[in-house]
Amino acid sequence: MIFNPEYECMDAGARKKLQLAAFKNLVETLYSRVPFYRRKMQDMGVTPKDIHSITDIEKLPFTTKDDLRENYPHGLRASAQERIVEVHMSSGTTGKPVVNEYTIKDIDIWRQAMARTLAGAGCTQNDIVQNCYGYGLFTGGAGVHYGALTIGAEVLPMSSGNTERQLMILRDFSSTLLTCTPSYALYLAEEAESAGIDLKSLPISKGCFGAEPWSENMRGEIEERYNMKAYDIYGLTEIIGPGVAFECEAQYGLHVNEDLFYPEIIDPATGKVLPAGEKGELVFTTITREGTPLLRYRTRDITSFIPEPCSCGRTTMRMHRLFGRTDDMLIIRGVNVFPSQIEQALIEIEGTEPQYLIIVNRGESHLDEVELQVEVKKEFFSDETRGLENLRSRIEHVMKSKLQIGLKVKLVEPKTIERSIGKAKRVIDNRKI
Ligand code: DLL
């Protein structure tokens with residue numbers, strides 16, 4: 001089902017006109033209202049008067065995660081505080097989280113983007129959406145919620161976790177559409193099997209999965225276990241949350257909501273825009289946003305555009321499912337984690353050496369498990385074991401509160417962790433996705 005054929009199937013020329021008008025408007029807003037952007041534009045010698053076509057975007061500066069961090073919490077706001085109606089955040093950088101502030105118009109854009117996303121998976125008002133993305137400050141829960149309401153579907157706002165209850169609701173409320181991370185979908189399937197629940201006999205027939213990398217193999221496994229169609233959905237807190245791009249029934253590439261979020265693919269080394277079809281870093285300009293709009297935001301996600309038209313009839317540009325990232329960000333149980341965050345937390349804990357190794361596994365349960373090996377000062381090993389045990393649980397506690405994920409800490413003696421002459425290897429990721 002196409003939620004909004006007028007925009008999703010629009011003639012490319014007409015869409016370009018829309019994009020240009022929105023883009024010019026955005027540049028003017030940022031120049032006049034956000035000192036950070038005005039300074040950046042002045043440094044590059046450009047003003048809104050220099051913007052005549054969409055390709056003039058290349059004259060404008062990029063925005064990075066560090067810029068967001070340095071402007072925490074409100075430095076990039078382009079609307080007055082009284083116009084802000086909602087805030088979301090994601091973890092992921094050392095120190096400060098990434099903040100997105102929405103006006104009511106931003107929420108309308110999000111509703112639209114997510115209605116298109118869910119409709120791409122076939123959602124109609126007859127569907128019962130079991131939404132197991134976290135609500136809280138994460139964008140997944142609210143995004144799906146708004147989209148489902150906009151379609152007129154029934155939504156079960158489960159949030160994440162509490163697997164036993166998820167299964168009870170899945171069965172007793174005849175949910176037809178599941179939304180969660182792909183690894184949680186597999187975990188849930190396994191728990192259903194252990195509980196003797198036959199998923200294939202339930203009405204659940206489709207799912208929208210994202211927020212972490214997954215593969216065609218995982219899709220096959222989810223589709224088989226639930227007897228459902230599994231769709232890839234993509235988004236990020238900085239831009240809007242989920243709703244940036246989504247798969248349609250063709251399940252080949254994700255349609256970018258490009259009338260709302262203008263995409264580019266650049267060479268991450270030179271910053272130059274690449275021709276359609278080439279692999280590079282995905283960049284978005286939030287041409288329609290009001291609260292915290294961003295200019296050329298570097299996502300660090302690697303993909304390429306698929307310029308050929310899609311069989312579904314939508315004319316929006318498709319992007320390949322992600323190939324990876326240009327940085328070392330890990331996504332653990334849907335939570336973004338940088339090794340530098342772990343390092344920063346360790347520095348603050350007395351008794352530890354600045355040597356650590358993060359080992360990530362996807363266990364039998366399909367959930368991510370993390371072991372953090374930390375070197376501790378020699379004295380701890382000659383001490384009684386209680387000292388070691390206390391230190392271990394303190395580190396686990398600090399990590400849980402700073403990273404929002406539980407990990408297992410293993411304390412090791414000084415000089416145990418292999419040293420490297422070049423860039424230190426901090427992560428061993430054994431997940432076969
Ligand atoms: O993960 C938003 C979201 C919620 C997307 C629910 C889809 C469903 P963040 O926590 O800010 O936002 O993380 C964004 O997650 O830059 C990607 O690296 C990764 N990511 C998101 N979707 C996918 C996907 C949400 N479908 C970061 N495949 C992004 C692979 C994904 N990686």
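As the structure lists them, so they are numbered: ligands from 1, and atoms in each ligand from 1.
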Nearest non-hydrogen contact with [atom] belongs to which option: [options]?
atom	options	answer
atom 27 (C) of ligand 1	Glu247, Arg321, Met329	Met329
atom 16 (O) of ligand 1	Leu330, Thr299, Asp301, Leu236	Asp301
atom 14 (C) of ligand 1	Ala211, Gly235, Ser90	Gly235

Near [X], which atoms of ligand 1 are under 4.0 Å from a heavy atom of that residue?
X	value
Thr139	2 (C)
Arg325	16 (O), 18 (O)
Asp232	24 (C), 26 (N)
Gly140	4 (C), 6 (C)
Tyr133	6 (C), 8 (C)

Residues forming a side chain to side chain contact (heavy atoms under 4.5 Å, CB included) with Ser159, sequence neighbours excluded: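 Ser159 satisfies side chain to side chain contact (heavy atoms under 4.5 Å, CB included) with Tyr135 only.
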Glu369/Arg333 ion pair, N-O < 4.0 Å: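 No, no charged N to carboxylate O under 4.0 Å.
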List the closest protein heavy-atom neighbour of [atom]: residue, atom name, distance to the nearest 0.1 Å.
atom	result
atom 19 (C) of ligand 1	Ile331 CD1, 3.4 Å
atom 11 (O) of ligand 1	Thr237 OG1, 2.5 Å
atom 28 (N) of ligand 1	Glu212 O, 3.2 Å
atom 13 (O) of ligand 1	Asn336 ND2, 3.1 Å
atom 4 (C) of ligand 1	Phe138 CZ, 3.5 Å

Between Gln42 and Arg38: side-chain donor-acceptor atoms closer than 3.5 Å: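 No pair is found: no donor N or O on one side chain lies under 3.5 Å from an acceptor on the other.
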Any side-chain donor near an acceptor of the partner, Thr29 and Tyr37, under 3.5 Å: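 Not at all, the side chains of Thr29 and Tyr37 share no donor-acceptor pair under 3.5 Å.
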Phe323 CZ: over 12 foreign heavy atoms closer than 6.0 Å: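 More than 12 heavy atoms, drawn from other residues, nucleotides or ligands, come within 6.0 Å of this atom.
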Exceeds 12 heavy-atom contacts within 6.0 angstrom, atom CD of Glu348: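 Atom CD in Glu348 is crowded, with more than 12 foreign heavy atoms closer than 6.0 Å.
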Residue from Tyr252, Phe305, Tyr234 passing ring pair (Phe, Tyr, Trp, His ring centres under 6.0 Å) with His320: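 Answer after filtering Tyr252, Phe305, Tyr234: Tyr252.
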Ring centroid separation Tyr184 to His366 under 6.0 Å: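 No - the distance between ring centres of Tyr184 and His366 does not fall below the 6.0 Å cut-off.
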By side chain to side chain donor-acceptor pair (under 3.5 Å) - contacts of Thr316 (at least two apart):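 By the side chain to side chain donor-acceptor pair (under 3.5 Å) rule, Thr316 matches His255.
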